[in-house]
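Down below is the structure, laid out as structure tokens.
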Number of protein chains: 2
Amino acid sequence: MAKPVGRRGETRERVLATALELFAEQGVSGTSLQMIADRLGVTKAAVYHQFRTKDDIVLEVVRPVMERLLVLLEEAGARPASQERRRFVVHGLIDLVLAHRRLLGVLFGDPYVDALLKSHVETSGHTDRLTVLVVGETPSPTDLVSVAVFGGGLVSVGGDPNLAGLDDGTLRRELRGAAERLLFTEEVARVP
Amino acid sequence: MAKPVGRRGETRERVLATALELFAEQGVSGTSLQMIADRLGVTKAAVYHQFRTKDDIVLEVVRPVMERLLVLLEEAGARPASQERRRFVVHGLIDLVLAHRRLLGVLFGDPYVDALLKSHVETSGHTDRLTVLVVGETPSPTDLVSVAVFGGGLVSVGGDPNLAGLDDGTLRRELRGAAERLLFTEEVARVP
DNA sequence: GTCTATAGCCCGATAGAC
DNA sequence: GTCTATCGGGCTATAGAC
């Protein structure tokens, strides 16, 4: 599986960086290899020399996130189920989002990427394992909705232009605060 | 602006319904007029007889949501700024999501749709007005992040398969509860 | 490793018969 | 209102020169 990458894979890295930019601006389906090549100042064929297909580019762009997610899942799985483990997973996810701000907002939720990831055995099923780790095997409707809202919100903060001005430290603190309020607050009886 | 729609616009409605289905499955850029026509059992030209361009179809699919959002914005704008108004807007958004479950999750956040809406004067700026109504003119970082998380989460619940089993009543109750915890909870001092 | 050139397909969109 | 047929163009992908 090792590929003989000339001297250094620097062109390869430039392709991936440019692809990510364009995916963020136009979406994956809206980005052609021609656009990537144009922005790099090379031809389509040069890009094809680095990646066999467009799907390979997408998978390579997403890979760092998936690998990191897998590590988080394994670390969490090794711990006993508890409130502490839930918090460990949530904080890990927040840090993951911070480390890949743009990437997550753009690529996850994209139907093209979803289908692509689902067709690759090693990455499919991660989100299901995640849900179980956070809400347990038999979640209540409250748990389900809370996790869905927080998960969806977490993914969307990356690409949110309103939040571009916040530095990582502030964003981490605020996201942890939001998680506490949303996920770790006891239900209070409400009078109808 | 009234269009002379043959006898009844039933074919037109079928096109829109089918388009929505496909947008949900493949994304907007990933859906061709050929796919829409194939699923309907007609040819591309028949679809083109109902809509001048693909963009017209997308705009028409989104229109009910935008119109309802505009009504909500105007009703809210007529009220004095207060906690009560914030809650009114949030509850209105929740009901809007419930009324268009699939549509919202699929189309909003799609770069193609975003660009299309931005180029149409009458719909652009709605989300900005929304943000102001909920968090005010000078939002704190906490407000910004809370609203971003809840907004992103709200949009994503529509397409979430984990939540497909929940009926509208349950989902409304749980979303309101999540909004209370996330948006309307006083900050508590935390010891570092 | 990058180039030119091209194959073959599907795209959005149009014209005109029925 | 639906059809067949077609346009021009962009797409992914390949072949082969430098």
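Hydrogens, waters and symmetry mates are skipped; everything else that's a heavy atom, side chains included, is used.
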Nearest-Å distance, [atom1] ([X]) to [atom2] ([N])?
| X | N | atom1 | atom2 | result |
| --- | --- | --- | --- | --- |
| B:I36 | C:dG12 | CD1 | C1' | 11 Å |
| A:H49 | D:dG16 | NE2 | C1' | 13 Å |
| B:M35 | C:dC9 | CE | P | 17 Å |
| B:Y48 | D:dC7 | OH | P | 17 Å |
| A:K44 | D:dA13 | NZ | P | 11 Å |
| B:F51 | D:dG1 | CZ | C1' | 14 Å |
| B:Q26 | C:dC10 | CD | P | 15 Å |
| A:D38 | C:dT2 | CG | P | 15 Å |

**Message:** Would B:K54 and B:Y112 count as a cation-pi pair here, with the cationic atom under 6.0 angstrom from the ring centre and within 45° of the axis?
**Reply:**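 Yes - B:K54 lies over the ring of B:Y112, closer than 6.0 Å to its centre and within 45° of its axis.
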**Prompt:** Do B:R181 and A:S146 get their side chains close enough for a donor-acceptor pair, meaning under 3.5 Å?
**Reply:**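 Side chains of B:R181 and A:S146: pair found under 3.5 Å.
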**Request:** Could you check A:A45 against A:L33 and say which one's nearest nucleotide on DNA chain D is further toward the 5' end?
**Result:**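 The 5'-side residue here is A:L33.
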**Item:** N/O (side chain, B:T11) to phosphate O (OP1/OP2, D:dT2) under 4.0 Å
**Value:**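 For B:T11, the contact criterion (side-chain N or O under 4.0 Å from OP1 or OP2 of D:dT2) is met.
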**Prompt:** Does a side-chain N or O from A:S32 land closer than 4.0 Å to OP1 or OP2 of D:dG10, or not?
**Reply:**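 A:S32 to D:dG10 OP1/OP2: no side-chain N or O under 4.0 Å.
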Nearest-nucleotide pick for [X], side chain only, options being [options]:
| X | options | result |
| --- | --- | --- |
| A:A46 | D:dT2, C:dC3, D:dC11 | C:dC3 |
| A:Q50 | D:dC3, C:dT14, C:dT2 | C:dT2 |
| B:T53 | D:dC3, C:dC3, C:dA13 | C:dA13 |

**Prompt:** Are any of the side-chain nitrogens in B:R39 or B:E25 under 4.0 Å away from the carboxylate oxygens of its partner?
**Reply:**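 Yes.
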**Note: B:R12-B:E60 ion pair, threshold 4.0 Å (strictly below)** =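 The answer is yes: the pair qualifies as a salt bridge.
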**Request:** Could you tell me whether B:S29 contacts a base, only the sugar-phosphate backbone, or nothing, with contacts defined as non-hydrogen atoms closer than 4.0 Å?
**Result:**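 Result for B:S29 = nothing.
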**Message:** Under 4.0 Å, counting only non-hydrogen atoms across every strand here, what does A:T43 touch: a base, just sugar-phosphate, or nothing?
**Reply:**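 It contacts base atoms.
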**Prompt:** Short question: side chain of A:T170, backbone of A:L166 - any donor-acceptor pair under 3.5 Å?
**Reply:**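 It does not hold such a pair.
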